Number of protein chains: 2
Amino acid sequence: MVSIEKAIQQKEFKDPKNKLIVNLLYTHSYLVTQQNSLFKPYGISPEQYNVLRILKGQKGKPITVSSIQERMLNKMSNASRLVEKLKIKGLLKREECPTDRRQVDISITEEGLELLEDLQIQVDKFNKNFVSLSDEDVTKLNQLLDDLRG
Amino acid sequence: MVSIEKAIQQKEFKDPKNKLIVNLLYTHSYLVTQQNSLFKPYGISPEQYNVLRILKGQKGKPITVSSIQERMLNKMSNASRLVEKLKIKGLLKREECPTDRRQVDISITEEGLELLEDLQIQVDKFNKNFVSLSDEDVTKLNQLLDDLRG
DNA sequence: TACATTTAGATGTATATACATTAATTACAT
DNA sequence: ATGTAATTAATGTATATACATCTAAATGTA
C-alpha cells in the first residue's frame with residue numbers, strides 16, 4: 001500500500017482532519033485516473049457515461065437538460081454541452097418539448113443503449129475490483145462519507 | 001443530511017460497492033465546490049495552492065517542475081502550466097538550473113509567502129469546519145480510504 | 001567523437017468544470 | 001393586455017486534466 005505521505009512526499013499532516021481532506025482529493029484522483037482508462041476504449045468520458053445512465057434510467061421517458069443536470073454527480077457539470085457531445089455521437093436525441101418551447105426533450109437512442117449494454121458490465125466489474133474491502137468495511141465507509149457531508 | 005440517493009434522484013444502488021464509487025465521486029464534488037468558494041477571493045485555484053504549499057515546504061530550497069508534479073495530489077496535473085500562471089501573478093520565480101539547463105529551479109516569492117500566510121489560516125479553518133466528525137471517525141475514515149487504495 | 005536514447009519542460013488539442021451572460025420563452029402581477 | 005420577472009438552454013471565457021508531441025539538453029555507448 002502506498003501511503004499518502006509517501007505518494008506526495010509529505011512527512012506528516014497538521015492533524016487528522018487536514019489529512020482527511022487530502023486523502024479525499026488523492027483517493028478521488030486515484031479512482032478517476034483508473035476510470036478514464038476504462039472508458040477510453042468506448043469513446044466516451046465518465047461524465048458522458050453519467051448522462052447516458054440517467055437517460056437509460058428514464059426507461060424511454062424523455063428528460064430535460066436541467067433535470068439531467070440536477071441528477072448528475074457533479075452538480076457543476078454542464079449538461080447542455082455533454083448532451084451536445086453525445087448527440088454528435090448519435091447516442092441520444094434531442095427534441096423540442098411540445099408543452100414548453102424553452103425546454104428540450106432528451107432521450108437515449110438504440111445506439112446509446114447498445115453501448116451501455118457492454119460498458120455497464122465493464123463498469124460493474126471495475127467497481128467490484130476497485131473496491132476490495134470487506135462488505136462490512138464498504139458499509140462503514142459509505143456511512144462515514146455520508147456522515148461527512150451530514 | 002442529504003443522502004446520495006436523494007441528491008442524484010436514484011432509488012437504490014446495485015450494491016454497496018457501486019454506491020461507494022458514486023459516494024466518492026459525489027463527496028469529492030461536494031468538497032471541491034466549497035473549496036473553490038474559499039480560494040476564489042485569493043485569486044488562485046486549489047491546484048495552484050497545492051503548488052505554493054509544495055514550494056513553501058521547500059523552505060527556500062528550489063525545486064524542479066517535475067518534482068513539483070510528483071508531489072501534487074493529482075499526478076495528472078500539468079505543473080508546467082500551473083507554474084506559469086503563478087509566475088505571472090508574481091507568486092513564484094523561475095530560474096535556469098545551473099547544473100542542468102533542461103531543468104528550471106522554482107521557488108516561492110515573498111509575495112507568495114504573504115498570500116499563503118493568510119490563506120493557510122483560512123484553509124485550516126475550512127478543513128476543521130468541513131470535517132465535523134469525531135476524532136475516532138476521522139481516523140477510521142482515513143484508514144478505510146487508505147485501505148481502499150491498498 | 002558521433003550517434004542514439006533518455007530526460008525536462010513546454011506546448012497542442014480534447015474534455016470538463018466554474019461561473020457569468022445572453023436569448024428565447026413562459027409566468028406573473030398590475 | 002402589457003410590462004416585468006423568472007426560467008431554460010446555450011454560449012463565452014478561464015482554469016484544469018488527459019494525453020500526445022516537440023525541442024533542447026544531457027547521457028550513454030560504440
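Side chains included, hydrogens not; waters and symmetry mates left out as well; all remaining heavy atoms used. Nothing here was measured: the structure is a model prediction, and the numbers come from that model. Every chain is numbered from 1 and lettered A, B, ... according to where its sequence line falls, protein lines coming before strand lines.
What separates CE of B/Met76 from P of D/dA20 is a distance of 10 Å, to the nearest Å. Taking atom CG of A/Leu82 as the reference point, atom P of D/dT11 lies 14 Å away to the nearest angstrom. Look at CD on A/Gln35: it is 17 Å from P on D/dT17, rounded to the nearest Å. When the P atom of C/dT15 is taken as reference, atom CG of A/Leu91 falls 13 Å away, rounded to whole Å. In this entry the distance linking CD of B/Gln34 with C1' of C/dT17 reads 16 Å, nearest Å. B/Leu31 has its CG atom 11 Å from the P atom of C/dA18, to the nearest Å. The distance from atom CD of B/Gln48 to atom C1' of D/dA14 is 11 Å, rounded to the nearest whole Å. Between A/Glu47 atom CD and C/dA18 atom P the separation is 11 Å, expressed in whole Å.
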Pair B/Tyr30-B/Phe130, ring pair (Phe, Tyr, Trp, His ring centres under 6.0 Å): steps then yes or no: CA-CA 11 Å; B/Tyr30 173 83; B/Phe130 183 86; 5.7 Å; yes

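Using a 4.0 Å cut-off between charged nitrogen and carboxylate oxygen, B/Glu84 and B/Arg94 count as a salt-bridge pair. Using a 4.0 Å cut-off between charged nitrogen and carboxylate oxygen, B/Lys61 and B/Asp105 do not count as a salt-bridge pair. The pair A/Asp15-A/Lys17 fails the salt-bridge criterion, with no side-chain N (NZ, NE, NH1 or NH2) lying under 4.0 Å from an Asp/Glu carboxylate O. A salt bridge is absent between B/Lys19 and B/Glu12: the closest approach of a Lys/Arg side-chain nitrogen to an acidic carboxylate oxygen does not fall below 4.0 angstrom.
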Identify every side-chain donor-acceptor pair in residues 46-53 of chain B under 3.5 Å, counting partners at least two apart or on other chains, and give the distances.
| residue | atom | partner | partner atom | Å |
| --- | --- | --- | --- | --- |
| B/Glu47 | OE1 | B/Ser45 | OG | 3.4 |
| B/Gln48 | OE1 | B/Lys89 | NZ | 2.6 |
| B/Tyr49 | OH | B/Arg53 | NH1 | 3.3 |
| B/Asn50 | OD1 | B/Leu73 | N | 3.1 |

Across nucleotides 7-13 of chain C, 5' to 3', mark each nucleotide with B, S or - according to how protein heavy atoms within less than 4.0 Å reach it. BSSBBBB

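If A/Lys89 and B/Lys40 are placed on DNA chain C by their nearest nucleotide, the residue sitting closer to the 5' end is A/Lys89. With DNA chain D read from its 5' end, the first of the two nearest nucleotides for B/Arg101 and B/Pro46 is the one closest to B/Pro46.
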Where each pair must be Watson-Crick or G-U wobble with both distances under 3.5 Å, what dot-bracket representation of DNA chain D is obtained, with crossing pairs in [ ] and other-strand partners as |? ||||||||||||||||||||||||||||||

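In terms of modelled atom types and a separation under 3.5 Å, the side chain of A/Lys59 and the main chain of A/Lys56 share no donor-acceptor contact.
Shown are A/Ile21, A/Val22, A/Asn23; of these, the side-chain contact (heavy atoms from CB on, under 4.5 Å) with A/Phe13 is made only by A/Val22.
Between A/Asn36 and the phosphate of C/dT15, there is no side-chain N or O to OP1/OP2 separation shorter than 4.0 Å.
For the pair A/Asn74/B/Leu25, no side-chain contact is recorded, criterion being any heavy-atom separation below 4.5 Å from C-beta on.
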